[in-house]
Every structure is written in C-alpha cells, then in structure tokens.
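First the structure, in the form of structure tokens, and then the observations on it.
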Amino acid sequence: MKPRLPAIIIALIAVQIVCAGVFLADVLGDASEQTAMSWALVPEALACIALFLGIGFEAVFLSELLRRKASLERSVKLASSELQSVIERHFDEWKLTASERDVAALMVKGLSIAEIAKVRGSAEGTVKAHLNAIYRKADARNRAEVLSNIMDALIGKPLL
C-alpha cells in the first residue's frame, strides 16, 4: 500500500524538529560552557534559527496545501452532484423508463454497447433497442447529441 504524502511530510518535519532540538541543545550547551562571547557560536546559532524558521515554513505550507486540497475535494463533490442532478433532470424530461435510465447512465459514463450489455447482463440487441428509444425521446440522432444536450445544460447555452 502506498503511503500518503502528507503523512510522510509530517514525519519528515517531526524528524527535523528533533534534529533542530538536538542542534539547539548543543549550541546552548556550548554557550553555557564559555565565559565570554565566542564568534564561533554565531554561525551555529544562525543555522539553528534558520532551521526552526524552515520547519515553521514547511508546517504552514503543508497546512495550506491540505486546506486547499480539502477545498478542491469539496468543489469536485459539489460539481459531481450537480452533474448528476442535470443528468437526472434530462432523464426525467425525456421520460426514460428504469431500464433506459440505466443504459443512458452507462452511456454517459462512456461504456460501449458491448460493455453496457455485459454490465446489465443483457443482449447487445436489447441495449441497442434501449439506445434507440433514448435517442428518440431525447430528440437526438446518436450518443454524441445526447451528451451534447446534457453538456448544453451544464454550460448554460448550446454549443452550436
């Protein structure tokens, strides 16, 4: 099973925090042992500060990415729900039977006639008969026109 990226990043940040703590303890230990200010500790202290700032930046950046991901997932869920609603409204408007709705839904998903027949456990001839009924009720000549009718409702106006 593939580990999730945020968990890996959080683990790396945790390791960095431990390392930064050890580094800070070393700098503070060296500073407490000296009686006078040593310029040799300045680069170590600055590196320690930079390390903690980097950890803070990583944490904020990760938090923002996770927030954005959650927002995008909510948007996709809403869009998917709206798409399903538009499709169902068309099926209602066209007065499709339950079998025709099943076939139409599988058609919208992009399945071929053979795939639809296999999923439904029916003959390809039966699927073709349902598709012809769907085309007639949708006032369309083919699959593309049925999908175009649905897309027109999504974007608010006909493409042609």
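Predicted model only: the values in this text are computed from it and were never measured.
What you find for Ala138 and Val146 is that their closest heavy atoms are CB-CG2, 4.2 Å. Considering all non-hydrogen atoms of both residues, Glu44 and Asp26 come closest at OE1-OD2, 4.0 Å. What you find for Phe91 and Ala105 is that their closest heavy atoms are CZ-N, 3.8 Å. Minimum interatomic distance between Ala114 and Glu124 (heavy atoms only, all atoms of both residues): CB-OE2, 3.6 Å. Scanning both residues, Ile13 and Glu58, for their nearest heavy atoms gives CG1-OE1, 3.5 Å. Closest non-hydrogen pair, Ala20 versus Ile55, comes out as CB-CD1, 3.9 Å.
Contact check for Leu131 versus Ile134: side-chain heavy atoms found under the 4.5 Å cut-off. Taking 4.5 Å as the limit, every side-chain heavy atom of Ser122 sits out of range of all side-chain heavy atoms of His130.
The CD atom of Glu33 sits 11.5 Å away from the CG atom of Leu28 when rounded to the nearest 0.5 Å. Distance NE2/His90 to CD/Glu93: 5.5 Å, rounded to 0.5 Å. Going from atom OG of Ser85 over to atom CG of Leu78 covers 12.0 Å, rounded to the nearest 0.5 Å. Note: Asn149 CG to Asp139 CG = 8.0 Å, rounded to the nearest 0.5 Å.
Linking Ile, Leu, Val, Met, Phe, Trp and Tyr residues whenever their side-chain heavy atoms come within less than 4.5 Å places Leu106 and Leu147 in a single cluster. Taking hydrophobic clusters as Ile, Leu, Val, Met, Phe, Trp and Tyr residues chained together by side-chain heavy-atom distances below 4.5 Å, Leu66 shares a cluster with Ile9. Residues Leu24 and Ile49 are members of separate hydrophobic clusters, defined by side-chain heavy-atom contacts under 4.5 angstrom among Ile, Leu, Val, Met, Phe, Trp and Tyr. Taking hydrophobic clusters as Ile, Leu, Val, Met, Phe, Trp and Tyr residues chained together by side-chain heavy-atom distances below 4.5 Å, Leu62 shares a cluster with Ile17. Following chains of ILVMFWY side-chain contacts shorter than 4.5 Å, one can reach Leu96 starting from Val108, so the two form part of one hydrophobic cluster.
In this view, Arg141 and Glu145 satisfy the salt bridge (Lys or Arg N to Asp or Glu O under 4.0 Å) rule, not counting sequence neighbours. Residues satisfying the salt bridge (Lys or Arg N to Asp or Glu O under 4.0 Å) test with Glu82, not counting sequence neighbours, are Arg89.
A donor-acceptor contact shorter than 3.5 Å is absent between the side chain of Ser80 and the backbone of Val76. Checked by atom type and distance alone, the side chain of Glu115 pairs as donor or acceptor with a backbone atom of Ser112 at under 3.5 Å.
Of the charged side-chain nitrogens involved, at least one lies within less than 4.0 Å of a carboxylate oxygen, so that Arg101 and Glu88 count as a salt-bridged pair. Salt-bridge formation is not detected for the pair Glu73/Lys77: no Lys NZ or Arg NE/NH1/NH2 atom is positioned less than 4.0 Å from an Asp or Glu carboxylate oxygen.
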Working for salt bridge (charged side-chain N to carboxylate O under 4.0 Å, His left out), residues Glu100 and Lys95
CA-CA 9 Å; Glu100 291 167 349; Lys95 296 178 175 53; over 6 Å; no
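For CG of Asn132, the number of neighbouring non-hydrogen atoms (other residues, nucleotides, ligands) closer than 6.0 Å is greater than 12.
For residues 33-58, the ring pair (Phe, Tyr, Trp, His ring centres under 6.0 Å) pairs, not counting sequence neighbours, are Phe57-Phe61.
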